[in-house]
Protein chains: 2
Amino acid sequence: MARISDVAARAGVSTATVSRALNGKSTVDRELVARVQKAADELGYQPNGPARNLRRQEAAVVALIISDVENPFFTAIARGVEDVAHEVGYSVVLCNSDESAEKENRYIDIAIQERVAGVILSPTATTSSVGKLADRGTPFVAVDRPLPSQESDLVLVDTRVAARQATAHLVAQGYERIGCITGPSGVRTADDRLAGYRDALKSAKRRSTTKLVRRTEYKATGAHRAAVELLGQPEPPDALLIANSAMAVGVLRALQEHGIRPGHDVGLVAFDDAPWAELVDPPLSVVAQPAYEIGTVAARLLLARISDNTRPPTTTTLGARLIERGSSRR
Amino acid sequence: MARISDVAARAGVSTATVSRALNGKSTVDRELVARVQKAADELGYQPNGPARNLRRQEAAVVALIISDVENPFFTAIARGVEDVAHEVGYSVVLCNSDESAEKENRYIDIAIQERVAGVILSPTATTSSVGKLADRGTPFVAVDRPLPSQESDLVLVDTRVAARQATAHLVAQGYERIGCITGPSGVRTADDRLAGYRDALKSAKRRSTTKLVRRTEYKATGAHRAAVELLGQPEPPDALLIANSAMAVGVLRALQEHGIRPGHDVGLVAFDDAPWAELVDPPLSVVAQPAYEIGTVAARLLLARISDNTRPPTTTTLGARLIERGSSRR
DNA sequence: AGCGGGCGGGTAATGGATTACCCAGCGACC
DNA sequence: GGTCGCTGGGTAATCCATTACCCGCCCGCT
């Protein structure tokens with residue numbers, strides 16, 4: 001594979017000039033630039049990335065570590081990050097931690113080894129591994145969930161308030177026994193959504209009971225099981241707040257199997273405005289989170305931190321929007 | 001940040017020994033390995049990736065370039081690739097080409113520059129950029145769509161046959177005027193699905209007319225528009241074959257807006273078994289593609305090619321499965 | 001004319017891990 | 001006891017682009 005010295009030889013200049021010409025640094029004679037460019041094209045020269053990064057001590061790459069590639073919420077974040085990063089010539093490498101602390105840790109190690117310019121991540125429960133980034137001085141931004149023990153830039157959604165509003169909406173619609181299916185304990189969004197749910201019940205002077213609450217993985221199967229359990233009780237819920245769209249799939253499937261009509265028999269509001277939410281019958285009421293915007297904001301914060309890592313950590317909280325549809329109307 | 005020489009000094013050995021000890025190469029005295037390990041841990045040493053890759057002339061990384069991160073079909077492929085790659089210590093970097101030849105080209109350049117061990121991609125229409133990989137001798141595997149002008153390993157779905165079966169199924173159900181909404185011309189899967197649709201009509205001795213066919217982007221909005229057009233015609237279709245799940249969303253939305261009942265008024269079969277397919281009313285008949293398996297097979301082929309790039313190119317064609325649900329039953 | 005300054009461009013140091021090559025030391029065998 | 005061979009481990013070359021440093025040339029000013 002062609003090296004810079006090959007290009008230099010072909011253009012009849014030194015390697016330094018080739019490097020300067022190709023990177024637009026310093027002033028190089030127009031004619032020489034053209035000659036270098038021509039030689040590079042003819043040889044199909046592509047600079048050796050590792051050599052460049054080794055010398056520069058940094059790669060124009062940001063790592064994005066998300067907890068689930070198959071969750072549209074996170075892929076929308078990814079798209080936001082990508083769009084912003086590309087504008088300024090950075091590449092994004094997408095890593096899937098699968099809610100596993102071990103995989104997250106592994107990807108963080110790789111990010112450090114590869115000397116990426118920065119990291120954006122949706123942290124899983126354990127946080128110890130993130131400390132490594134801080135120790136190394138690698139800029140990073142947390143999205144969706146805060147880091148318990150680290151100071152950092154944060155981009156969050158005001159999910160507790162959103163959960164509260166959604167629950168209040170169910171109350172207002174006249175549902176009596178409102179339940180909640182949320183994510184695993186310790187996952188901040190799951191905890192917050194549960195807290196918001198409880199806030200709303202409290203404001204409405206309803207007593208909340210753990211009998212109407214289930215916590216499971218943020219996946220369809222867990223939610224399916226939870227819904228079956230809840231609905232099989234002597235005093236089943238007549239409405240449910242569901243913490244993400246994959247879970248909503250599980251719940252809807254359970255209702256379908258038991259011949260229970262959403263909206264009429266059991267009111268539903270789920271987090272995340274999936275593309276299919278309007279297609280089910282009745283249309284699903286949702287809490288729409290600004291996922292793409294989370295991505296763009298996080299990317300901009302990261303870029304700012306890459307150029308100045310001394311800036312004080314900031315927290316950006318974005319609002320979510322309740323979209324009332326048929327599934328929460330009797 | 002700690003370097004290998006720091007570790008060497010702390011352990012009282014040479015850098016060569018540190019390298020050998022940490023990489024488990026050659027034989028190093030047990031006691032020295034322990035000392036090195038201890039020193040490395042204490043310093044929090046992480047090898048410098050660029051330096052390592054520069055020397056090794058290759059990174060344990062494969063690039064996966066897919067055309068749409070937000071399409072569950074592709075994220076399922078990604079998961080398959082990741083699972084296999086991780087088993088053997090490779091990392092996967094996921095790049096989103098967005099069906100744009102330019103972005104694809106850009107990512108291919110980056111993959112070459114970074115000297116990744118191999119590339120898996122779902123090629124967009126233009127193929128010229130892929131030639132660069134071949135020229136450089138970078139192993140690559142194409143998934144979902146073949147490369148017109150390149151010899152390479154290929155992992156495909158027999159999408160033409162699947163489209164044909166799906167269409168034949170609609171015929172058998174008694175639908176008379178079967179239409180098709182597929183992806184852009186030149187995108188092989190889109191062409192194949194259309195061809196399979198035509199095959200089936202031909203076998204059934206129906207004449208096919210372009211009036212019942214629409215081609216658009218593989219997205220919901222395009223399909224929505226197409227559906228509105230088709231259904232607004234004097235002689236509208238009474239069934240539709242839809243080329244992916246995002247498009248199905250657009251079509252279902254259009255039907256909803258016009259008060260047309262899927263199944264009864266218009267039979268539907270769509271490609272890709274989305275998680276929500278069973279939740280719409282009536283449940284959506286689909287052609288389920290083995291996306292995860294495409295990913296695992298492609299990853300294994302790539303790994304094989306990385307260890308021996310002289311092996312002859314192979315083509316693996318996986319079958320798809322028609323799942324008949326309510327939307328294709330009158 | 002002489003000197004200073006600025007600009008273009010070359011030489012060589014640099015980044016950090018891997019590994020080819022070589023050497024010391026020890027055991028075994030004659 | 002001497003020599004061969006093997007093993008463990010050190011020294012230094014290597015990967016390749018970037019860039020600090022330096023030099024020569026030309027222009028302009030005094």
Side-chain angles (χ1 to χ4, degrees), chain A residues 1-37 39-40 43-61 89 109-110 112-117 136-138, chain B residues 1-37 39-40 43-61 89 109-110 112-117 136-138:
Chain A
M1 207 170 314
R3 296 199 312 276
I4 195 171
S5 57
D6 300 327
V7 178
R10 183 173 255 260
V13 297
S14 74
T15 60
T17 301
V18 174
S19 175
R20 286 191 276 248
L22 260 26
N23 292 298
K25 296 275 182 185
S26 164
T27 44
V28 180
D29 192 276
R30 287 183 177 291
E31 194 212 330
L32 283 193
V33 173
R35 249 172 43 212
V36 168
Q37 191 64 59
L43 292 170
Y45 171 70
Q46 292 277 19
N48 182 308
R52 157 181 286 178
N53 297 337
L54 172 60
R55 179 63 229 228
R56 289 213 179 135
Q57 296 285 71
E58 182 171 291
V61 168
D109 281 348
I110 291 174
I112 291 172
Q113 283 182 14
E114 297 305 321
R115 307 314 198 240
V116 300
R136 291 281 192 300
T138 302
Chain B
M1 207 169 314
R3 299 199 311 276
I4 195 171
S5 57
D6 300 327
V7 178
R10 184 173 253 260
V13 297
S14 74
T15 61
T17 302
V18 174
S19 175
R20 285 191 276 248
L22 259 28
N23 292 299
K25 298 276 182 184
S26 162
T27 43
V28 180
D29 192 275
R30 286 182 177 292
E31 194 212 331
L32 283 193
V33 173
R35 246 167 52 207
V36 168
Q37 192 63 59
L43 292 170
Y45 170 69
Q46 292 277 18
N48 183 309
R52 157 181 287 177
N53 297 338
L54 172 59
R55 177 62 228 226
R56 289 213 180 133
Q57 297 286 70
E58 182 171 291
V61 168
D109 281 348
I110 292 174
I112 291 172
Q113 283 183 14
E114 297 304 323
R115 307 314 198 241
V116 300
R136 292 281 191 301
T138 302

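So you know, we letter chains A, B, ... as the sequences are listed, proteins then strands, and number each from 1.
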Atom pair distance, as rounded to whole Å: [atom1] in [X] and [atom2] in [N]:
{"X": "Gln46(A)", "N": "dC16(D)", "atom1": "CD", "atom2": "P", "answer": "15 Å"}
{"X": "Asn53(A)", "N": "dC15(D)", "atom1": "CG", "atom2": "P", "answer": "19 Å"}
{"X": "Ile112(A)", "N": "dG16(C)", "atom1": "CD1", "atom2": "P", "answer": "16 Å"}
{"X": "Leu32(B)", "N": "dT7(D)", "atom1": "CG", "atom2": "P", "answer": "17 Å"}
{"X": "Asp29(A)", "N": "dG10(C)", "atom1": "CG", "atom2": "P", "answer": "11 Å"}
{"X": "Arg3(A)", "N": "dC16(D)", "atom1": "CZ", "atom2": "P", "answer": "5 Å"}
{"X": "Asn48(A)", "N": "dG15(C)", "atom1": "CG", "atom2": "P", "answer": "18 Å"}

Could I get a table of every N or O pair under 3.5 Å where one atom is in the protein and the other is in nucleotides 24-26 of chain C?
none

Going through the distances and angles, do Asn48(A) and Gln57(B) end up as a side-chain contact (heavy atoms from CB on, under 4.5 Å)? CA-CA 9 Å; Asn48(A) 182 308; Gln57(B) 297 286 70; 4.2 Å; yes

OP1 or OP2 of dC16(D) sitting under 4.0 Å from any side-chain N/O of Gln57(B)?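 Yes, within the criterion.
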
Which residues share a side chain to side chain donor-acceptor pair (under 3.5 Å) with Arg10(B), sequence neighbours left out: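 Side chain to side chain donor-acceptor pair (under 3.5 Å) check on Arg10(B) returns Glu42(B).
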
For Gln46(B), all residues meeting side chain to side chain donor-acceptor pair (under 3.5 Å), sequence neighbours excluded: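 Checked Gln46(B) against side chain to side chain donor-acceptor pair (under 3.5 Å); matches are Asp109(A), Gln113(A).
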
Quick one: closest heavy-atom pair of Ala117(A) and Glu58(A), and the distance?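 It is CB-OE2, 3.6 Å.
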
What residues form a salt bridge (Lys or Arg N to Asp or Glu O under 4.0 Å) with Arg55(B), not counting sequence neighbours?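 If we apply the salt bridge (Lys or Arg N to Asp or Glu O under 4.0 Å) test to Arg55(B), skipping adjacent residues, there are no hits.
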
Listed partners of Arg115(B) passing salt bridge (Lys or Arg N to Asp or Glu O under 4.0 Å), at least two apart: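 Testing Arg115(B) for salt bridge (Lys or Arg N to Asp or Glu O under 4.0 Å), a comparison that skips the adjacent residues, returns none.
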
Out of curiosity, [X] [atom1] to [Y] [atom2], how far, rounded to the nearest 0.5 Å?
{"X": "Ile112(B)", "Y": "Met1(A)", "atom1": "CD1", "atom2": "CE", "result": "7.5 Å"}
{"X": "Asn53(B)", "Y": "Leu54(A)", "atom1": "CG", "atom2": "CG", "result": "10.0 Å"}
{"X": "Leu32(B)", "Y": "Gln37(B)", "atom1": "CG", "atom2": "CD", "result": "12.5 Å"}

Given DNA chain D, 5'-ward residue of the pair Leu54(B) and Ser14(B), judged by closest heavy atom: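 Closest to the 5' end, via its nearest nucleotide, is Ser14(B).
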
5' priority, DNA chain D, between Val13(B) and Arg115(B) [closest heavy atom]: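 The residue mapped nearer the 5' terminus is Val13(B).
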
Pairs under 3.5 angstrom, nitrogen or oxygen only, protein versus nucleotides 18-22 of chain C, please.
{"residue": "dT18(C)", "atom": "OP1", "partner": "Asn23(B)", "partner atom": "ND2", "Å": "3.4"}
{"residue": "dT18(C)", "atom": "OP1", "partner": "Arg52(B)", "partner atom": "NE", "Å": "2.7"}
{"residue": "dT18(C)", "atom": "OP1", "partner": "Arg52(B)", "partner atom": "NH2", "Å": "2.8"}
{"residue": "dT18(C)", "atom": "OP2", "partner": "Ser19(B)", "partner atom": "OG", "Å": "2.8"}
{"residue": "dT18(C)", "atom": "OP2", "partner": "Asn23(B)", "partner atom": "ND2", "Å": "3.2"}
{"residue": "dT18(C)", "atom": "O2", "partner": "Arg55(B)", "partner atom": "NH1", "Å": "2.8"}

